Protein chains: 2
Amino acid sequence: MGTTQLESVPEPKYWHLKTVLSEALDSEFSVGEILPNERDLAARFGVARATLRQALEQLELEGRLQRRRGVGTTVAPPRMGVAVGTELHVWPGAPGDAWQPVDCVTEVPAAAVAAALETGADEPVHTVRRSRVTHGQRVAAELLHIPAASVPDLSGIDAPAGVARARAVLRELQRLELEGRDSAVELGSARADDAKELDRLPGAPVLVVTTRYLAAGRTAALSVATYRADTCRLTFGDSGNVEIHEDPHRHAS
Amino acid sequence: MGTTQLESVPEPKYWHLKTVLSEALDSEFSVGEILPNERDLAARFGVARATLRQALEQLELEGRLQRRRGVGTTVAPPRMGVAVGTELHVWPGAPGDAWQPVDCVTEVPAAAVAAALETGADEPVHTVRRSRVTHGQRVAAELLHIPAASVPDLSGIDAPAGVARARAVLRELQRLELEGRDSAVELGSARADDAKELDRLPGAPVLVVTTRYLAAGRTAALSVATYRADTCRLTFGDSGNVEIHEDPHRHAS
DNA sequence: TAGTGGTCTAGACCACGGA
DNA sequence: CCGTGGTCTAGACCACTAA
């Protein structure tokens, strides 16, 4: 036939759309600027709204866009670097750490937490809730699990819960000698409570950082911190922290 | 009215669906088992297929499911821990590292890479492509950028590209003294080339690990590694590496 | 109250894998 | 070839925000 078949691998529309939008963001928009609404954009590109939304979702996942219901879609600033792996051999709650205690409860934890802490099934655990603010933005929410056995001298505190108790638990933790630490990062989706704390909808993508603190040959504390994946880049520096100004991954190929 | 209004905050259908499916996966399915197809599942729960797919997407994002076109949806095994932050003060390509060189080209890089390397705009850079296999699975693809100035004694090599040249560049790199390193982790979506290497569709969620290697007071190499976010948990241990058996994040709350 | 993004539907067709 | 998940459409209604 006379028809040429160049499109041997037809690219999905939303993928092509994402590329076009991405280039437009680089050249025609500046940070914080509001994009046209989804219905107009879809009409302009001649696609259904659902298809446009698929492209926007990808761009939001990559931290290029920010969407807020009732407001609109704006161009996101570059992701902020958030230090996670520095301050070796320091307990949570040490002077100058980036976290702010919010609450504390003491109870027998869920089975998964007990297993990670290697505690007995009936052993009570203090769970401190903390939040992290960087550059004026709430970037992470944390649950810090501390077996009651790790902080035995908590007798003078009568507060059954709340910030006061959280501070007391953290203070007692400093008395132990920290022997080591290991962390893991994985992708997750925000639970309802974390989503509220992070000002996102439930299910929003988050980076979950799980850290075990070791003392006296056992796990003395377990931190599960959820960071906003759209706005954060987690940095693990073992040398001086230098900012990488532009993302080499974005434009490569 | 006599009708009670308990649903003050109506939960989205796909969110409830995700919870139900998640519990079913825990109790009624085992790893590797094939779920009913999407049309049957949607009918069984009385929702449109698109709504069901929204729930499945979330579960896949959390590493609970694996979906393959033409095959079906299966229950995913727990995420594998992949060491990323150990082996301090070791160059890429050192004996025993987990990466396998695939290719190497030498050319003037994209602007973003040049900026991160702090090289001049016209300075050539070796780009080594490597892939990482763990537990028999391709888990990551890497582009390793090395300024030509970091490996000046590359004269005896006549191969213009390919694995041989990659090995030669890595070998030369070992002659420098590594002074430090810093890494960053962020969420991204797989480019077409990485997706093919990782056996995923383009746009699949990945964890992008950017590492700068420092020597002689400058950036001697820059690694951009993309890990499959669905199957990997990146571990950064500064003490012995101990596996966390079950994810404390999954079941909490 | 008007306009935004978020959810949901009931279809259709396509690309891929295996029999 | 058939069955799977992946893409796409053209609507509808809801939840939220700001004026």
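All values derive from a computational prediction rather than experimental measurement. Lettering of chains follows the sequences in order, A, B, ..., and the numbering in each one begins at 1.
- Across the protein-nucleic acid pair, B:Asp40 atom CG and D:dT4 atom P stand 7 Å apart, rounded to whole Å.
- Distance CZ (A:Arg200) to C1' (C:dG5): 12 Å, rounded to an integer number of Å.
- For B:Arg130, the salt bridge (charged side-chain N to carboxylate O under 4.0 Å, His left out) partners are B:Asp97, B:Glu142, not counting sequence neighbours.
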inquiry  = Set out, in order, the CA-CA distance, both residues' side-chain angles and the distance that settles side chain to side chain contact (heavy atoms under 4.5 Å, CB included) for B:Arg138 and B:Thr231, then state yes or no.
reply    = CA-CA 10 Å; B:Arg138 303 248 274 284; B:Thr231 58; over 6 Å; no

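- A:Gln66 places its CD atom 18 Å from the P atom of D:dC16, with the value rounded to the nearest Å.
- Partner of B:Tyr227 under the side chain to side chain contact (heavy atoms under 4.5 Å, CB included) criterion, chosen from B:Val84, B:Leu198, B:Val208: B:Val84.
- Partners of B:Arg49 by salt bridge (charged side-chain N to carboxylate O under 4.0 Å, His left out), not counting sequence neighbours, listed by chain and number: B:Glu38.
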query = Taking protein heavy atoms under 4.0 Å as touching, what does nucleotides 5-14 of chain D look like 5' to 3' if B marks base contact, S marks sugar-phosphate-only contact and - marks none?
reply = BBBSB--BB-

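- Closest of all the heavy-atom pairs between B:Leu61 and B:Pro205 is CD1-CG, 3.8 Å.
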